[in-house]
Amino acid sequence: MAVLPTCAILERGQDSACKNLKRRYYQQAVLINKSDINPESIVYDFATTDVAGKYSVQFELFEGKKGYKFIGPEAGSSFSAEAAKSLSDNGFVQYTHTANMLLVGADEDSKAILAALDKANLVAAYQFTDGTVEILGLENGLSTQDYTYNVQTGGGGSPILLSSRESSPENYLPLVYKPAQGGDANADFNSNFENPTEGA
Amino acid sequence: MTPQELFNKSPLEIRNSEPLMGFFLELFKEAYGYVPNCAGCTFNGYYNQLKDKYITKNSLNLTINNFNSMRTFILKRGLQNKQFMYKENNRPVRTYGNIMTDDFAVKYLEITNDVDSFDLLPHSYSVGLTDKQDLSIEDTLNHTENTIIDKPKQKRNRKK
C-alpha cells in the first residue's frame, strides 16, 4: 500500500461524553484591514504534541494600526463564525470562511461603514465563550456577500455576511489566535489587536 | 500532564497519588497565590473550587510551567482587572492583572518602570534593583557622575 503523507493521517480522537459544552460566540467581532497585518509576523503552528493538536496563528499589526470592533446585543445571535469545507477541481481541500455580523442604522455613519466594508479586504476575529479567539480570512481576506440592506424589515439593522471569495478560499479552518509569549489572547481581542506607536 | 487530564481523575485518585497531589497544589497556587492549609482534610472543596475555575474560565489558560512562574508580586488594589501592556520586538504583549505572571511583571517593569502599580515588586526584579544599588556604591567610589536611583523595596504590612 502507498505511504500517505503525514497531513493525511489521523493521530488522535476526542472524548466529549462528559463534557460541558460552550455553545455560542460573544456578540462581538473585530475586523482588521488585511493590509494592516504585518505579513512577516504571521507564524502558524500546526505541530501536534502527545496531549493535544495545535492549530494556531500569531501575528501583529503594523505600528499604529488597530482593528475595529462591531458589537451586537449579547442576548442575540447575529455574530458568529463558520467555515465550509469543499474540494477544488484538483482535489485540494479548501475552506470558505464566513463571518456573520450585524450593522444597524440608516444614518451617514452607518452608510459610510457599510460602503467601506463592501470595498475592503478584511480579516475577522471572533471570540467563543470558552475564550478561544478565532481568526477568519487571514490568508486571502473576506469581503461582504451580496445583500439587501433593509433596516425596516430588519428591525433597524440588517445582517451582513463577510466571506471568502469563491476564487480565493482559505487553506485552513479558522485558526486559533495565539498571543505573544506571556500575553493573553483575551486582552488582545479586547484591545482590537492594536499595535500602539512607541511612546504613545 | 495538563490540568484537563488532572480533572479527568476523581478527587480520591488525586489524593491517593503523591505526584498528582503535588501537581494539584502547584495548579492551586498558580491560580490563587497560596497553597491551601491542610489540603488533605478539606480537599474536596479545593478540588471543586479549582475545577470550576478551570472549566468556566478556560481563557485563563492555566498551565504549570515551573516554580519560577509563581507570583512573587502584589498589584495595587483595584488593578486586578486592569490591562497591562509592554512592547517587545515591536509586538505588544498584553495581559490582565489577575492572570499576570512573574515573567510578565518583570518584563513589564523593565520596559515601562511602572512600579507605582505594585504594592510588592516581583522577587527577581527586586533582586535586580539590589544589584544596581551595589553598583552605585562602586561607581561612587570611582567618582562617576551617574547614579542609580533606587526605589525602596515595598513591604506589605500584615495585620496580626
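All chains are named by letter (A, B, ...) in the order of the sequence lines, taking the proteins before the strands, and each is independently numbered beginning at 1.
With hydrophobic clusters built from ILVMFWY side chains whose heavy atoms lie under 4.5 angstrom apart, Leu103(A) does not share a cluster with Val30(A). Leu161(A) and Leu142(A) sit in two unconnected hydrophobic clusters of ILVMFWY residues. Membership requires side-chain heavy atoms under 4.5 Å apart, directly or through other members. Each of Leu31(A) and Tyr26(A) belongs to its own hydrophobic cluster when Ile, Leu, Val, Met, Phe, Trp and Tyr are linked at side-chain heavy-atom distances under 4.5 angstrom. Using a 4.5 Å cut-off between side-chain heavy atoms of Ile, Leu, Val, Met, Phe, Trp and Tyr, with links allowed through other members, Ile32(A) and Leu117(A) fall into different hydrophobic clusters. Side-chain heavy atoms closer than 4.5 Å link hydrophobic residues (I, L, V, M, F, W, Y) into clusters, and following such links, even through other members, never connects Val176(A) to Tyr126(A).
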Next item on the list: Please test Phe104(B) against Asp184(A) for side chain to side chain contact (heavy atoms under 4.5 Å, CB included), starting from the C-alpha separation and ending with a verdict.
Entry: CA-CA 11 Å; Phe104(B) 183 99; Asp184(A) 177 41; over 6 Å; no
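Only the side chain of Met85(B) comes within contact range of chain A, with heavy atoms under 4.5 Å apart. Neither the backbone nor the side chain of Phe189(A) comes within less than 4.5 Å of any heavy atom of chain B. Proximity to chain A is limited to the side chain of Tyr86(B), based on heavy atoms less than 4.5 angstrom apart.
The neighbour count for Asp107(A) CG, taken as heavy atoms of other residues, nucleotides or ligands under 6.0 Å away, is above 12. Surrounding CD of Gln181(A) are at most 12 heavy atoms belonging to other residues, nucleotides or ligands under 6.0 Å away.
The most heavy-atom pairs under 4.5 Å with chain B, out of Gly182(A), Cys18(A), Ala187(A), Ser191(A), come from Ala187(A).
When side chains are defined from C-beta on, Lys87(B) does not count as touching Glu60(A), because their heavy atoms never get closer than 4.5 Å. Residues Arg91(B) and Ser41(A) fail the side-chain proximity criterion, which asks for heavy atoms closer than 4.5 Å.
Nearest heavy-atom pair across Pro92(B) and Ala180(A) is O-CB, 4.3 Å.
In this structure, the side chain of Glu63(A) does not engage the main chain of Asn90(B) through any donor-acceptor pair within 3.5 Å.
The CZ atom of Arg94(B) lies 9.0 Å from the CZ atom of Phe193(A); values are rounded to the nearest 0.5 Å.
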